[in-house]
Amino acid sequence: MEFPRHIKGLVATRREVMAGLIGFLVVIMLLDSGGLAQWARRLEIGPLRRVAVPVTTKINQTLRPLGIDPLRHVLLADLARLHWTRDRAAQLAASQPISPAAPTAACAPVIPAQSMEPTPPTTPLMIAAAHRSIAPITPGNAKAPPTATPPLSPILRNLPLHTSLPPLAPLPPGVHRRTIALVGDSMMAVGLSDMVLRQTANNPAVRVIRAFRSGTGLARPDVFNWMTEYPAMIGKHHPNLIIVAIGANDAQGYVDHTGKILPYGTPAWIASYRARLTKFLAMLQASSQQVLWIGLPPMQQPGYAARMRELNRITATVVAADPHAAWWNPAPLIGTQAGQFRALGPASDDKGAPIVHLRQPDGIHLTDDGAGLLTAQIIPWFAPLPLPPPREPAVPAGLLAQRGTQGSSIRIGGNAVPSAQVPK
Amino acid sequence: MLFPTVSYGIFFVVVLVIAWALAHRPEWHKNFLLIASYCFYGFWNWTYVPLLFAVSLGSALIARQIQNATGPARKRWLILGVTLNLSTLAYYKYTSFALLSLLNLWSLIAPPPMVSFDSPLLPLGISFFVFHAISLLADTYRQKLRIKINLRDALLYIAFFPQLIAGPILRASSFLPQLALPRDPRIIRANTACLLIISGLFKKIIIANILATRLVEPVFAAPSRFSGADTLLAVYGYAAQIYCDFSGYTDIAIGCALLLGYRFPRNFNAPYTAVSPQDFWHRWNISLSTWLRDYLYIPLGGSRAGEASTLRNLMITMVLGGLWHGANWTFVFWGALWGTLLVIHRLWLRLQSAPIIALRASLAWRWMSRIMLFQAVCLGWIFFRAPSFHIGLEILHRLTAPGPASLATMPVVVVLILGLFGQYLPRRWRFGLEIEMARWPAALRGAGLAGALFIISVLGPTGVAPFIYFQF
């Protein structure tokens with residue numbers, strides 16, 4: 001861009017740039033030292049975080065007495081009242097009175113209000129999970145009194161390659177529309193959710209709730225806490241079925257609630273992550289009748305693929321302990337017959353189906369066509385097509401509608417599975 | 001390391017301080033910037049740092065050979081260099097696309113063979129650094145470089161971090177001479193740079209992110225769930241989103257480079273105020289359109305060999321330009337659509353009767369052209385954004401669906417208006433602000449920058465989506 005060079009001051013000297021930089025740094029720290037400290041805590045475990053956390057925390061502690069730090073909180077609350085922002089933090093801020101002395105999100109303890117860390121088995125969520133593990137709930141979703149926590153089963157050594165979709169839980173009496181929540185990170189957000197939303201758009205018997213967020217996971221509640229965000233995402237809805245695809249960002253170390261660093265893959269990390277999964281699953285179960293957990297697909301880069309297989313083993317173990325949740329392996333569909341990564345493949349089982357990209361160029365996420373291979377199995381499972389008009393004898397319309405959602409049989413994984421099941 | 005993140009902010013501040021501290025030692029200064037640029041690239045994935053290095057070094061060595069050679073050898077070196085670069089791009093970006101197209105063509109005749117092929121992962125920014133490398137070779141061949149090519153400078157030209165991932169595409173002939181000159185610590189366009197950075201952050205974090213998350217993504221994910229009003233809003237929303245996303249990125253890139261003492265070319269100039277397809281490409285992604293003009297359209301013959309070949313060259317250039325954006329037939333279609341628009345416009349310009357000349361000169365026609373062109377641009381954006389033709393066509397079909405505009409919330413409408421009509425704001429307003437800022441003490445300017453940054457971070461949604469052009 002050209003401008004008159006003779007205008008004094010339009011060009012600066014190095015000294016002026018440095019003075020401006022100092023002015024910038026001082027003001028940004030005054031305004032948002034809390035945000036800076038929060039950024040440092042959210043860094044991946046490593047040397048940068050080791051340096052950044054103490055420095056930014058010290059700055060935040062030094063500047064907090066000035067009382068400027070809660071400004072972000074106040075502004076976010078105002079914006080939430082104006083419906084400008086939909087962020088959970090802002091909504092919380094808008095619903096709570098703000099005290100200048102109250103700790104901001106940045107200087108609050110690392111443990112969020114609804115922590116993902118292991119808690120004693122007397123908490124309500126754990127009670128629900130423990131209960132369901134021995135006495136399945138009815139369609140009315142009634143909760144039963146607590147029982148003892150079952151002993152943890154060992155982590156699965158080998159993942160089952162061919163898994164079937166579970167029997168579909170029937171709708172509660174009086175409910176005629178199945179509400180499905182799509183939950184997860186970018187493994188749900190990219191491809192899969194789009195295909196589910198598209199393929200159910202004209203189905204009045206199905207309502208789909210978008211409850212996914214890219215760049216999240218269960219390993220880092222300090223970055224995005226599913227235990228507090230999920231209820232906000234679901235809102236007033238009561239899903240009958242939750243489909244989960246999450247975990248692609250979870251192969252990383254983290255700091256637990258005691259401040260101890262848990263490097264990825266260590267026994268302590270596995271135990272902690274497993275506890276988080278259990279708690280997350282229990283929370284999902286508390287709001288729904290059934291959970292379908294879609295495993296992570298085979299990945300292109302060998303190292304990353306191995307880590308995702310490890311996470312799949314842990315997840316499958318946790319999910320297997322819950323009779324109202326099922327872990328489903330997408331590998332034979334999206335990958336080769338042996339469950340290995342493939343980038344290209346036929347768009348369907350049909351003879352003559354075009355060859356398409358099944359995976360995004362990153363070798364991680366699904367393309368729409370790749371996701372279509374999964375939804376070709378999942379959607380007929382939860383939303384079977386209405387049966388063709390009967391010939392002899394004529395079936396009353398009411399019964400037909402019932403059969404449309406409950407009585408048909410579909411072929412899944414080579415086995416005929418009745419989609420309507422008697423409540424357990 | 002995305003631009004609008006704390007990580008980049010800290011990285012840039014450290015680089016800025018060290019780079020200016022080394023300004024009196026030009027060699028150290030450039031060595032440092034080169035290392036910083038490779039660190040920036042490696043932050044995403046170290047796996048492809050050797051590829052970037054190999055492309056840069058190979059191109060720099062060949063460019064030196066071109067400079068030293070005489071006669072036909074120069075052309076041979078040029079062909080070798082361009083072939084190597086295009087082969088690299090083709091291997092990473094187009095192999096699976098070509099294979100897929102071949103297999104599907106085959107399937108029309110006979111069942112296609114089973115092929116076990118995993119396409120390579122797409123290295124970040126490969127389309128940009130390969131184009132930089134080709135610019136180095138072509139400018140050397142055309143003797144536009146008046147300086148002797150220095151290997152380290154050539155490596156830095158290709159890898160310089162503000163433009164490495166998504167441009168703007170620099171010309172070797174304009175950037176290498178800047179590297180050859182010592183940095184002058186008395187002339188830093190700090191005000192321009194700061195305003196560009198703030199404007200870029202505003203466009204990206206507030207306008208593009210809000211439009212993407214609350215309007216465009218839901219509609220393009222499942223168009224049949226939305227009314228025609230929502231669909232139309234989403235189409236216009238994407239026009240605003242892609243402009244604010246990409247021009248926001250280049251504003252930040254140009255601002256960062258200016259603070260380091262380097263000038264990048266302007267990449268956007270209020271593109272939606274354009275009155276003709278040709279005018280649009282003089283305003284949209286200017287560095288790419290001029291690259292395509294200089295290194296593709298003109299070598300194809302340009303407009304030198306008659307009208308028919310001019311129209312053919314226009315079409316080829318735009319189709320290949322579309323394909324450059326991504327290995328998908330939707331991008332080819334987008335390019336062909338633009339080629340067709342340019343061809344039609346060129347034919348229209350050939351009509352020289354008096355009433356038509358008078359019509360073209362009228363203000364009403366100018367505005368009508370502007371509005372019609374914007375609709376055509378949006379039609380192109382539908383297929384640019386849609387993952388498949390099927391979705392693109394569904395979007396078009398849904399435009400007629402009755403129903404209310406459920407997505408037209410206050411923030412969406414506000415940012416949509418800002419994104420589309422902000423381009424009509426007079427440029428003199430920004431110059432006025434620059435002159436006003438120049439009266440402030442330097443520390444106060446820095447404080448103002450911090451305040452603006454804070455407000456933007458509060459107004460924007462949590463998290464930053466990657467820039468759209470990163471995928472190219």
Original post:
If you measure from CZ on A:Phe24 to CG on B:Leu444, what distance do you get to the nearest 0.5 Å?
Top reply: 14.0 Å
Original post:
Measuring heavy-atom distances to chain A, does B:Leu258 have an atom under 4.5 Å in its side chain, in its backbone, in both, or in neither?
Top reply: neither
Subject >> B:Val412, part contacting chain A, at a heavy-atom distance under 4.5 Å >> reply: neither
Original post:
So does B:His397 have more than 12 non-hydrogen atoms from other groups sitting under 6.0 Å from NE2?
Top reply: no
**OP:** Check whether any side-chain heavy atom of B:Phe454 lies under 4.5 Å from a side-chain heavy atom of A:Leu71, and answer yes or no.
**Re:** yes
**OP:** Answer yes or no: are there more than 12 heavy-atom neighbours, outside B:Trp106 itself, under 6.0 Å from its atom CH2?
**Re:** no
Subject >> Atom pair CG/CE of B:Leu16 and A:Met18 - distance to nearest 0.5 Å >> reply: 5.0 Å
Original post:
Residues in salt bridge (Lys or Arg N to Asp or Glu O under 4.0 Å) with A:Arg342, at least two apart?
Top reply: none
**OP:** Drop me the distance from A:Leu344's CG to B:Phe97's CZ, to the nearest 0.5 angstrom.
**Re:** 12.0 Å
Subject >> A:Asp362 versus chain B, the contacting section by heavy-atom distance below 4.5 Å >> reply: backbone
Subject >> Side-chain touch B:Leu453/A:Ile28, heavy atoms, less than 4.5 angstrom >> reply: yes
**OP:** Measure B:Phe220 against the heavy atoms of chain A and call it side chain, backbone, both or neither at under 4.5 Å.
**Re:** backbone
Original post:
By a 4.5 Å heavy-atom criterion (distance strictly below it), what part of B:Asn45 contacts chain A: side chain, backbone, both, or neither?
Top reply: side chain
Original post:
Is it the side chain or the backbone of B:Ser457 that comes within 4.5 Å of chain A heavy atoms, both, or neither?
Top reply: both
Original post:
Pick from B:Ala450, B:Cys194, B:Ala222: which one has the most heavy-atom pairs with chain A under 4.5 Å?
Top reply: B:Ala450
Subject >> Residue B:Pro218 versus chain A: region with a heavy atom under 4.5 Å >> reply: both
Subject >> Proximal component of A:Val26, with respect to chain B [non-hydrogen, under 4.5 Å] >> reply: neither
Original post:
Do A:Arg198 and B:Glu394 meet the salt-bridge criterion of a basic N to acidic O distance under 4.0 Å?
Top reply: no
**OP:** Can you tell which part of B:Leu459 gets under 4.5 Å to a heavy atom of chain A, answering side chain, backbone, both or neither?
**Re:** both
Original post:
Side chain, backbone, both or neither: which part of A:Ile355 has an atom under 4.5 Å from a heavy atom of chain B?
Top reply: both
Subject >> Donor-acceptor contact present, side-chain B:Asn104 to main-chain A:Pro354, <3.5 Å >> reply: no
Original post:
Just how far is it from atom OG of A:Ser193 to atom CD of B:Glu217, taken to the nearest 0.5 Å?
Top reply: 9.5 Å
Original post:
How far apart are the closest heavy atoms of B:Leu100 and A:His357, and which atoms are they?
Top reply: CD2-CD2, 3.3 Å
**OP:** Select, from A:Leu197, A:Val223, A:Thr336, the one with the greatest count of heavy-atom pairs under 4.5 Å involving chain B.
**Re:** A:Leu197
Subject >> Best-contacting candidate, B:Pro387, B:Ala447, B:Ser107, against chain A by heavy atom pairs under 4.5 angstrom >> reply: B:Ala447
Original post:
Relative to chain B, which segment of A:Arg210 carries a heavy atom at a distance below 4.5 Å: side chain, backbone, both, or neither?
Top reply: side chain
Subject >> Pairwise side-chain contact, A:Asp194 with B:Ile391, heavy-atom cut-off 4.5 Å (strictly under) >> reply: no
Subject >> Set of salt bridge (Lys or Arg N to Asp or Glu O under 4.0 Å) partners for A:Asp32, sequence neighbours left out >> reply: A:Arg72
Original post:
Any idea which of B:Ser224, B:Ala193, B:Pro411 has the most non-hydrogen atom pairs under 4.5 angstrom with chain A?
Top reply: B:Pro411
Original post:
chain B heavy atoms under 4.5 Å from A:Gln199: which part of the residue, side chain, backbone, both or neither?
Top reply: neither
Subject >> Any B:Arg225 side-chain heavy atom under 4.5 Å of A:Thr200 side chain >> reply: yes
Original post:
Is chain A contacted by the side chain of B:Leu105, its backbone, both, or neither, given a heavy-atom distance below 4.5 Å?
Top reply: neither
**OP:** Tell me, for B:Ser7 versus chain A, whether the close heavy atoms (under 4.5 Å) come from the side chain, the backbone, both or neither.
**Re:** both
